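Following: one structure in structure tokens, then a few remarks.
Chain letters run A, B, ... following the sequence lines, proteins first, then strands; residues in each count from 1. Small disclaimer: the values here were computed from a predicted structure and weren't measured.
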Amino acid sequence: MNILELKEVTKNFDGIKAVDNLSFFLKEGSITSLIGPNGAGKTTVFNLITNYLTPEKGSIYYQGEEITGSLPHRIANMGIGRLFQDVRVFNKLTALENVFVAIKKNCGENPFTSLLFHRRVAKQEEKNMAIGLKWLEFVGLSEKKETLAEDLSYGQQKLLSLARLLANDARLLLLDEPISGIHPEMIERILSLIKRLVQEGRTIFIIEHNIGAVLKVSDWVMLLDGGNLVASGLPSEIKQDQTLREVYLGV
Amino acid sequence: MNYLLHILIMINIYLVLAFSLNLLIGYTGLLSICHAAFYGIGAYISTLLMINLGMNFFLALLLSILGAMLISLLVSLPSLRLKGDYFILCTIGFQLIVFTILYNWISLTRGPYGISGIPTPSLFGFEFSTIPRYFLLTLIMGIISFIIIRRILISPFGRLLKAIREDELATQSLGKDIFKVKILSFLIAAGIAAISGSLFAHYVTYIDPTSFTLEESIFIATIIIVGGMGNLKGPFVGTVLLFIIPELLRFLGIPDAVAANLRQMIYALLLIAFMYFRPQGIAGEYKFK
Amino acid sequence: MLIQLLANGIVMGSVYALVAMGFGLIYSTTGIFHFAHGIIYTLGAYLLYLLFINLKISILSSLLLSLAGAASLGIMVELLIYSPLRRKEAAPAVYIISSLGVYIFLQNLIALIFGNETKVIFPGVSKTYHFGSIILTQIQVFEVVAFAILFSIFCIFLMKTRFGKALRGLSNNALLAEVVGIDVRKIRIIAFGAGSLLAGVGAVLVSLDVGIDPNMGISMFLLAAVAVIVGGVKTFTGAVLGGLFLGVIQNLVIWKASARWQTLVTFFILIMFLLFKPEGIMGKKRRLEEV
């Protein structure tokens, strides 16, 4: 089944086509990577899916429902999570608090409920604690739960923002360069986490410059240039294509 | 003794103002320069209700809180769609609009002449008419406000406010309606500021628009910025410090005419110095981004 | 009556436009919401008072010295306050708060030295001119003429000179300007000097027209800021259009209601513009989120 589908989506910046009549779909439970040179429009594709940018033309469907032009937080609540290129953790909050913020349907986030129904909120916080700890454990950060996010290493911050997405119960994870700029060991760890998540039925969509690493885990690869798909196929096919290798992969 | 109690009463009133503004500046990251407007709205609503309708103080107080909350929507709905300088300018604009209305709607507010003879509050026949009794009232109201604010700030809602302050986009990407949360934060801050306004009006028994100016809004923001943003200590430190300074000037025997300007100059120097050397304030944990 | 009010509006608007041109120049080149611009304006007026009334220097020398004083004070604020903050890579809010601090400090200093009351430099009735059914005083004519001359000079300066081009480059993209080798520091100083000079011109004209008081700067600054936003930040003509627009609107308010409601109308216009046309009359369309 297709979890996400873009139909003839176009986005201009000052007359320049950043994304040009782009159509593709993602299969549920797969890992798809989106590769391409700088300025190809990769991050713009993510911004269009989460509606930080609204397309001028075309439409976007999530689980068969049109989401073009929906409010960003509504789209997030439908199950589309995003890991930002610049991680964007909440610096002055602890790792655990970062994950707490992500948990959905928290009645304590209404100030009047928090004020008047103290008990109910406290009970819920206890329940959420279990969820929070579970996901910190999953990414291997349980020992850092009381550490402020700003004091974590860059790689740990990437793990934390992944844990945040999982606590948010995202079904489709848009990962913008999840393994760039971090230690090789950390890369292995994140890739193996991604594989486990797919086994649980989540869908992963990755933008990455470290092409060698993502090709190893991907089920499907799409090559974007000039705002449009130049090629797509199985990782093995992409790797073998002589012209693609020379022009884009530089190997 | 009464002199000391008078200062403590004023500190109590300003603590409530400072704690409520800290909710906006320190927790939600919204540099709002219109807190004196809500302070004034609180003062005028409860005064007018008591004088014109003979209402009981506590009922008038409640209605002034609700009134300020309602009016806060007039500024929060438009201004929250803006960022940075434009947001600040919009709140300054709202401050000036409120002042203009208080000053010029003479049939309702008596404009520059002010309203005198504001009745003192009473509860079950107990009149808060002497300074020690009024101190008791402000202390109780201060403690109640503090408990409310503290409970809100340590709740999941407070955590969400901090998340918005740290990174709006990331908070939104986790499915939070940040616009709604900010409006709520404005609503609460305005309502609590109205408590201060009402306490002030019935204490001094005379109000005119000059107590609720842009300068006053800047002063309240100075308390937070100097004291420290984003925790419960900051507003306390700031309020006490900024109230001790004028008393020191008095102690040094500086004449009143000079002291008013001198006080403002010291506050301004503090602002500049803190922005350069310690932008998170004395006891704060957050600095502007 | 209406024609006279429109003429008064253009006179008032000319002064707003002068101060707004100065603020707009500084805001667009440095990105600083220069609140202290208001106090540079007040200082310009008080310098004139000090030199002409207290020290009894001739009016022409007093005027020139006041303008030079305003320009140097503007540059001093940049060098003593903003430049150190820039080295610390301070947040935008830090600049605006420091700027507010400078404003409050100097306003109270002026009040301390000169007192809070309004002072008049030229008492008595001034000469009037008749233009058809419009009557303008001599100083009002000066206000419009000064504005017209300075606006033309600035247009030429911005369009034709090397500095002007660099200034515009900086307002479009500071980083790029630095990369292509423009001396950004020098450009900033020029922006503050020229911007403050414009505020000074507005100040001396108003002080000769209606007199001075220590609070005169805040309302003028806010009007200038509103004019710049309403007109369009990144365009120099925007500030001028915005200033004239506000001048005319304020006089229409006098006609239809009362001068007391001017502030309310001004800020109502600001909020409407911020919401529905945040790029201003002249500006290019920008997305609201970027504002």
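Contacts between residues 62-74 of chain A and chain B, defined by a heavy-atom separation under 4.5 Å, are made by A:P72, A:H73. Annotation: residues 123-145 of chain A contacts chain B through A:E125 [non-hydrogen atoms, separation under 4.5 Å]. Residues of residues 175-186 of chain B that come closer than 4.5 Å to chain A, counting heavy atoms only, are B:G175, B:K176, B:D177, B:L184, ordered by residue number. At a heavy-atom cut-off of under 4.5 Å, chain A is reached by B:K162, B:A163, B:R165, B:E166, B:D167, B:L169, B:A170 from residues 161-170 of chain B, listed in order of number.
Chain B forms the most heavy-atom pairs under 4.5 Å with one residue out of A:K92, A:R82, A:K104, A:M78, and that residue is A:K92. With chain B as partner, the option from A:N91, A:L165, A:T113, A:N110 having the largest number of non-hydrogen pairs under 4.5 angstrom is A:N91. By number of non-hydrogen pairs under 4.5 angstrom with chain B, the leading residue of A:E97, A:R164, A:H118 is A:H118.
If you take CG on B:L174 and CG on A:N77, they are separated by 9.5 Å, rounding to the nearest 0.5 Å. Residue A:I75 holds its CD1 atom at 11.5 Å from OG of B:S173, rounded to the nearest 0.5 Å. Within the model, atoms CG of A:N106 and CZ of B:R159 stand 6.0 Å from one another, a figure rounded to the nearest 0.5 Å. To the nearest 0.5 Å, the span separating CG on A:L115 from CD1 on B:I148 amounts to 5.5 Å.
More than 12 non-hydrogen atoms from other residues, nucleotides or ligands lie less than 6.0 angstrom from CZ of B:F87. Residue B:R150 places its CZ atom among 12 or fewer non-hydrogen atoms of other residues, nucleotides or ligands, all under 6.0 Å distant. For A:F25, the CZ atom sits in a loose shell: 12 or fewer heavy atoms of surrounding residues, nucleotides or ligands are nearer than 6.0 Å.
Under the 4.5 Å side-chain criterion, counting only non-hydrogen atoms from C-beta, A:S114 is not in contact with B:I152. In this structure, the side chains of B:T171 and A:F90 come closer than 4.5 Å at one or more pairs of heavy atoms.
What you find for A:V121 and B:P156 is that their closest heavy atoms are CG1-CD, 3.6 Å. For A:G108 against B:S155, the heavy-atom pair with the smallest separation is O-OG, 4.1 Å. The two residues B:L160 and A:V101 make their nearest non-hydrogen contact at CD1-CG1, 4.1 Å.
Heavy atoms closer than 4.5 Å to chain B are found in the side chain of A:F84, but not in its backbone. Residue contact with chain B, scored on non-hydrogen atoms closer than 4.5 Å, involves the side chain of A:N168 exclusively. B:Q172 touches chain A through backbone and side chain together, each having a heavy atom under 4.5 Å away.
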